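Notes follow the structure.
Small disclaimer: the values here were computed from a predicted structure and weren't measured. Position 1 is the first residue of the sequence, and the numbers go up from there.
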Amino acid sequence: MLLSLNAVRKGHIIILDGQPYLVLNTQHSHMGRGKATLRLKIKSLIDGKVLDRGFSGNDKLEQADVTTNKASFLYKDETDAYFMDVQSYEQFSISLDQVEDKINFLTEGTEINIVIFENKPIDIVLPPKISLKVVEAAPGVRGDTAQGSVSKPVTLETGLIINAPLFVKTGDTIKVNTETGEYVERV
């Protein structure tokens with residue numbers, strides 16, 4: 001399906017030069033009587049490269065024909081992340097380069113959606129919030145709030161370090177926003 005420039009949105013997957021790209025950001029501009037232009041920040045779902053591309057006038061962009069399947073995260077090594085399709089129990093891997101910004105939210109058994117393009121898994125879609133256990137949290141120091149600092153860094157079971165409120169301690173389970181990487185609530 002072809003998309004007009006004003007129909008392209010963040011999160012769409014488009015085809016450029018035969019490769020699927022995820023739209024990270026869009027910026028429309030229209031100058032007086034000139035043609036409308038669209039600047040896209042896009043990420044290749046094959047090699048993970050981020051590009052900045054411009055389009056103008058009556059250009060049309062092809063929307064990628066992708067499907068999604070539910071899968072469960074198994075483990076990762078130095079180069080790949082391994083998953084299992086929850087319907088067929090088939091195991092497959094995706095390069096860490098393709099999912100590097102999402103892998104730190106996954107623990108063994110976490111269910112996610114896999115994006116499939118031309119019968120090949122190319123990306124993962126995380127739920128909006130994920131519960132993770134705090135493995136290291138410095139104790140809140142009395143008087144820290146006087147300086148305006150009401151958060152402290154905590155290390156989660158996946159190795160991810162985020163800022164959390166002072167009352168969060170080692171052993172707590174917290175919810176983390178997977179889009180922003182920010183603390184949401186204690187579970």
Side-chain angles (χ1 to χ4, degrees), residues 10-11 13 20-25 41-51 66-117 120-187:
K10 178 181 176 181
I13 298 175
Y21 286 86
L22 174 66
V23 177
L24 301 175
N25 194 11
K41 185 174 185 181
I42 53 178
K43 177 183 177 185
S44 170
L45 295 177
I46 302 297
D47 58 23
K49 291 181 183 171
V50 176
L51 304 174
V66 297
T67 58
T68 58
N69 286 353
K70 290 236 179 266
S72 180
F73 176 67
L74 298 174
Y75 65 95
K76 69 176 182 172
D77 61 19
E78 296 82 33
T79 58
D80 294 318
Y82 296 87
F83 300 88
M84 179 181 65
D85 187 301
V86 297
Q87 302 251 305
S88 67
Y89 300 109
E90 181 181 324
Q91 293 185 15
F92 55 90
S93 65
I94 298 179
S95 167
L96 285 179
D97 292 338
Q98 292 173 263
V99 295
E100 66 185 329
D101 54 337
K102 301 172 184 176
I103 201 70
N104 284 329
F105 294 105
L106 299 179
T107 58
E108 184 179 326
T110 303
E111 281 202 7
I112 46 97
N113 287 318
I114 296 288
V115 178
I116 299 169
F117 176 71
K120 183 178 184 238
I122 57 169
D123 196 17
I124 63 175
V125 179
L126 298 172
K129 297 173 186 163
I130 285 188
S131 295
L132 295 169
K133 189 171 188 165
V134 177
V135 295
E136 186 180 324
V141 178
R142 185 179 171 109
D144 274 354
T145 57
Q147 302 300 321
S149 171
V150 293
S151 65
K152 63 182 178 183
V154 297
T155 304
L156 304 176
E157 61 188 307
T158 60
L160 182 65
I161 298 173
I162 67 165
N163 285 323
L166 294 175
F167 59 80
V168 173
K169 58 188 180 306
T170 301
D172 285 352
T173 300
I174 63 172
K175 281 197 178 183
V176 179
N177 181 320
T178 57
E179 286 186 16
T180 63
E182 295 175 346
Y183 168 89
V184 176
E185 64 185 352
R186 187 164 48 178
V187 178

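At least one side-chain heavy atom of Asn113 sits under 4.5 Å from a side-chain heavy atom of Lys70. The shortest distance between side-chain heavy atoms of Leu45 and Phe117 does not fall below 4.5 Å. Side chains of Pro20 and Ile46 form a contact here, defined as non-hydrogen atoms less than 4.5 Å apart. Contact check for Leu156 versus Ile174: side-chain heavy atoms found under the 4.5 Å cut-off.
Under the 30°/60° scheme for interplanar angles, the aromatic rings of Tyr183 and Phe167 are found to stand perpendicular.
Distance alone, capped at 3.5 Å, places no donor-acceptor pair between the Lys76 side chain and the Ile103 backbone. In this structure, Ser93 contributes its side chain and Ala81 its backbone to no donor-acceptor pair below 3.5 Å. Glu185 contributes no side-chain N or O that, together with a main-chain N or O of Lys175, makes up a donor-acceptor pair within less than 3.5 Å. Checking side-chain atoms of Thr158 against main-chain N and O of Leu106 turns up no donor-acceptor pair under 3.5 Å. Using a distance-only test at 3.5 Å, with no hydrogens or angles considered, a donor-acceptor pair links the side chain of Lys152 to the main chain of Leu166. At distances below 3.5 Å, not a single donor-acceptor pair connects side-chain atoms of Gln91 with backbone N or O atoms of Met84.
Taken to the nearest 0.5 Å, the CD1 atom of Ile124 stands 13.0 Å off from the OG1 atom of Thr68. To the nearest 0.5 Å, atom CG of residue Leu96 and atom CD of residue Glu78 are 9.0 Å apart. Here the CD-CG distance, from Glu179 to Asp101, works out to 11.0 Å after rounding to the nearest 0.5 Å. Here CG of Leu132 is found 12.0 Å from OG1 of Thr155. Values are rounded to the nearest 0.5 Å.
When all heavy atoms are compared, the tightest approach of Gly181 to Ile162 is O-CG2, 3.3 Å. Shortest non-hydrogen contact noted between Val135 and Thr170 is O-CG2, 3.4 Å. Closest non-hydrogen pair, Val184 versus Val176, comes out as CG2-C, 3.9 Å. A pairwise comparison of heavy atoms in Ser95 and Asp80 identifies CA-OD1, 3.3 Å as the closest pair. Across all non-hydrogen atoms, the minimal contact from Gly11 to Leu22 is O-CD1, 3.5 Å. Here the closest heavy-atom approach between residue Thr178 and residue Pro127 is recorded as OG1-O, 2.6 Å.
The environment of Lys41 atom NZ is sparse: at most 12 non-hydrogen atoms of other residues, nucleotides or ligands sit within 6.0 angstrom. The 12-atom threshold is exceeded at CD of Glu157, counting heavy atoms of other residues, nucleotides or ligands nearer than 6.0 Å. More than 12 heavy atoms of other shown residues, nucleotides or ligands fall within 6.0 angstrom of atom CD in Glu111.
We find that Lys43 and Asp123 are not joined by a salt bridge, their nearest charged nitrogen and carboxylate oxygen being 4.0 Å or further apart.
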| task | Apply side chain to side chain contact (heavy atoms under 4.5 Å, CB included) to Ile114 and Phe83, showing your working. | result | CA-CA 9 Å; Ile114 296 288; Phe83 300 88; 4.1 Å; yes
